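What follows is one structure encoded as structure tokens, with my remarks underneath.
Because the structure is predicted, anything quoted here is derived from the model rather than measured.
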There are 2 protein chains.
Amino acid sequence: MSPTIRDVAAAAGVSVATVSKYINGAQRFSAPVEARLKEAIATLGYRSNPLARSMITGRTRTIGLTILDISNPHFTNVVKGANRIALRHDYTLLLVDIDEQQARERPLIEALSQRVDGLIVSSRLPDEEAHWMLDLGKPVVLLRNAEALPIPSVGIDNRLASHMLARHLLNLGHRHIAYLGFGQARINDERIRGVRECLEEAGLELDVHDAHAPTALAGEHACSRVMLGPKRPQAVICYNDLIALGFMKEAATLGIRVPQDVSVTGIDNVPYGAYAAPGLTTIDIQSERMGELAMQKLIDALAGHPDPGNSMFEPRLIVRESTASAAAPTASA
Amino acid sequence: MSPTIRDVAAAAGVSVATVSKYINGAQRFSAPVEARLKEAIATLGYRSNPLARSMITGRTRTIGLTILDISNPHFTNVVKGANRIALRHDYTLLLVDIDEQQARERPLIEALSQRVDGLIVSSRLPDEEAHWMLDLGKPVVLLRNAEALPIPSVGIDNRLASHMLARHLLNLGHRHIAYLGFGQARINDERIRGVRECLEEAGLELDVHDAHAPTALAGEHACSRVMLGPKRPQAVICYNDLIALGFMKEAATLGIRVPQDVSVTGIDNVPYGAYAAPGLTTIDIQSERMGELAMQKLIDALAGHPDPGNSMFEPRLIVRESTASAAAPTASA
DNA sequence: TTGAAAGCGCTAACAT
DNA sequence: ATGTTAGCGCTTTCAA
């Protein structure tokens with residue numbers, strides 16, 4: 001067994017209380033006591049047991065972070081940002097990748113909440129079913145726009161984001177625009193609405209398809225369905241970058257050229273959109289800063305300075321080569 | 001405050017020991033006791049305090065995972081795999097992204113070790129300086145080939161991996177091959193050796209360049225240096241996929257065509273290599289399975305079935321479009 | 001500035 | 001099958 005505070009106390013000839021205070025730098029000590037303490041700790045190789053401390057103080061210096069899918073670079077970047085701020089404040093991340101356990105989501109989060117000082121939660125749960133998070137007894141920050149909920153949150157304006165994409169495509173002269181979504185995501189509807197709003201102003205209709213998953217593979221699968229079915233679109237707005245990347249790859253396989261035959265857009269601005277060819281036109285949502293801000297809000301709350309309310313990052317259009325003007329009509333119907 | 005085991009005991013009219021045993025499902029109970037227990041727990045909303053339990057049992061059901069950079073999809077996939085196995089065995093991940101704190105690496109890991117049952121460590125430390133990990137008092141699995149160390153480990157055969165790439169390029173008729181590495185990585189030398197071995201058999205020399213970072217951005221920066229300096233190569237073997245992706249993007253910007261003007265390879269088989277254009281020829285190292293196996297080894301060790309020694313995944317060449325035969329000599333010197 | 005003592009919430013002998 | 005009791009390693013009054 002490793003040495004305890006009692007071993008140190010005995011070796012230094014002081015009481016355990018003194019050792020405790022010394023470790024926590026709680027006060028000043030007489031020179032001889034300090035010297036003996038220092039030496040005893042060094043020779044014994046004593047290291048304080050964080051569990052025992054946490055049990056008393058009720059603080060673990062740990063933040064729980066639940067993420068939908070760490071494989072998605074958007075969430076990877078959220079974690080990166082959150083981790084940076086956490087480390088800076090001497091907190092550590094307890095990570096739970098919900099992806100494959102959606103049914104166990106609530107018990108997983110409840111269990112997690114007992115082991116941390118606070119939580120950052122990304123979840124598929126609709127707002128109406130998220131109220132139990134208030135009873136966790138721990139500060140929570142949601143990764144979404146939860147204006148309706150009395151829980152601090154960080155998100156982006158999805159309606160505006162997709163509106164911007166639609167406008168961009170209209171400006172390029174496209175008239176037949178399709179949306180390739182992911183119906184299981186809460187925000188899918190917001191993104192559809194943003195596109196619809198924009199198209200309606202122009203008197204245009206929107207064809208909506210579903211990719212069944214927010215992944216590149218799902219984008220690949222959906223491509224032929226969208227492009228080779230009736231009403232072939234001139235431009236496709238994808239739910240996210242991964243779907244768009246998969247879509248573009250499959251389009252190439254099918255002999256459909258991007259952007260000449262079809263313009264494609266994503267949302268998220270994951271790093272690999274820039275390394276695809278053509279580069280993916282997308283909306284930057286500042287994933288890493290979202291993680292940073294969520295963690296900052298949580299740490300502020302932990303420090304007694306809660307910042308309730310929703311923080312929304314402003315979307316920014318990133319134009320690359322996957323979108324082009326509809327000028328030259330091609331082999332499309 | 002939330003109810004404790006004592007509150008439950010009082011409410012149910014039994015002793016705390018009985019409550020404890022009930023919670024842990026340690027034995028059978030008489031019907032009336034069980035009923036009262038169940039009700040007391042339900043009405044009080046009692047939930048056992050994992051910290052208090054951990055202090056006694058000495059187990060936290062948490063695994064520490066230190067990763068060099070969660071932004072690198074290779075490591076993301078390692079985390080994904082590790083998380084999957086952990087969740088299956090009811091363990092949670094305590095994640096530390098070392099990236100920005102390389103100097104604090106050792107203290108960070110030492111602190112982490114106190115809060116977990118075991119650790120999976122990915123680190124830049126050379127084998128010679130990793131011995132202190134044996135004194136952590138917790139099982140450790142290293143993410144590397146640590147045959148020299150008495151620590152279980154999971155890795156790939158780097159020499160073989162790069163040898164395979166070199167052979168692939170030789171078979172395509174390339175004679176002037178360059179290596180674009182990342183000198184700060186331990187395994188960089190192994191990868192150079194693999195290429196050199198292969199080239200020496202053919203009586204060829206290798207030009208070695210350095211990207212300064214294992215990132216796509218670093219690959220972009222290095223491209224003109226490699227391609228527009230003296231001795232322009234016909235093929236470039238990159239330290240990893242990210243560097244290769246960056247390299248390819250910058251090559252396109254410079255008007256250098258891949259693979260017609262230069263063949264490019266990576267290592268890792270990150271998902272986005274398949275979505276780049278041209279698709280990136282690379283070595284699959286089974287990142288996700290590495291994470292799974294590392295976690296499995298650790299959990300086995302925790303269960304008293306240690307599997308010491310090094311496990312090596314076999315590299316597999318994935319040929320895509322970024323490599324092609326040197327048949328048609330182009331504008332290269 | 002230092003120490004004694006009372007727990008934090010729980011488990012694990014051991015007894016009944 | 002249930003209860004008693006002694007702590008796990010530490011912090012925190014409170015007193016000296």
For the residue pair B/R53 and B/N24, confirm or rule out a side-chain donor-acceptor distance under 3.5 Å.
-> yes
Write down the distance between CD (B/E34) and C1' (D/dT2), rounded to a whole number of angstrom.
-> 14 Å
Minimum-distance nucleotide (side-chain atoms of A/M55 versus C/dC8, D/dA1, C/dC10) | C/dC8
Under 3.5 Å, is there a donor-acceptor pair linking the side chains of A/S54 and B/R115?
-> no
Could you state the CZ-P distance from A/R47 to D/dG9, rounded to the nearest angstrom?
-> 15 Å
Check whether more than 12 heavy atoms from other residues, nucleotides or ligands sit under 6.0 Å from atom CD of A/E34, and answer yes or no.
-> yes
Short side-chain N/O contact to D/dG9 OP1/OP2 from A/T4, under 4.0 Å | no
In whole angstroms, how far is the C1' atom of C/dA13 from the NZ atom of B/K21?
-> 9 Å
Is any side-chain N or O of B/S30 closer than 4.0 Å to OP1 or OP2 of D/dT2?
-> yes
With a non-hydrogen cut-off below 4.0 angstrom, is B/R6 in contact with a base, only sugar-phosphate, or nothing?
-> base
Whole-Å distance, A/I23 CD1 to D/dT12 P, equals 12 Å
Side-chain N or O of A/R53 less than 4.0 angstrom from OP1 or OP2 on D/dC10?
-> no
May I ask you to verify if any side-chain N or O of B/S20 is less than 4.0 angstrom from the OP1 or OP2 atom of C/dC10?
-> no
Establish, with yes or no, whether the OP1 or OP2 oxygen of D/dT11 is under 4.0 angstrom from a side-chain nitrogen or oxygen of A/T57.
-> no
Given D/dT2, C/dA4, D/dC10, which nucleotide is nearest the side-chain atoms of A/N49?
-> D/dC10
Ignoring the backbone of B/I56, work out which of C/dT11, C/dA4, D/dT11 is nearest its side chain.
-> C/dT11
Of the candidates C/dT1, C/dC10, C/dT2, the side chain of A/R28 sits closest to C/dT1
Base, sugar-phosphate, or nothing: which does B/V33 touch, judged by heavy atoms less than 4.0 Å apart?
-> sugar-phosphate
Within the structure shown, what part of the strands sits under 4.0 Å from A/V14 by heavy-atom distance: base, sugar-phosphate, or nothing?
-> sugar-phosphate
Does A/D97 pair with B/K80 as a salt bridge, N-O distance under 4.0 Å?
-> yes
Distance, rounded to the nearest Å, where B/Q27 contributes CD and C/dT16 contributes C1' | 13 Å
note: B/R59, atom CZ; C/dA12, atom P; distance rounded to Å ~ 12 Å
Looking at every strand, decide which applies to B/Y22 at a 4.0 Å heavy-atom threshold: base, sugar-phosphate, or nothing.
-> nothing
Could you tell me whether B/S48 contacts a base, only the sugar-phosphate backbone, or nothing, with contacts defined as non-hydrogen atoms closer than 4.0 Å?
-> sugar-phosphate
Measure the distance from CD on B/Q114 to P on D/dC8 and round it to the nearest whole Å.
-> 17 Å
With no hydrogens and no angle check, do the side chains of A/N188 and A/Q184 hold a donor and an acceptor under 3.5 Å apart?
-> no
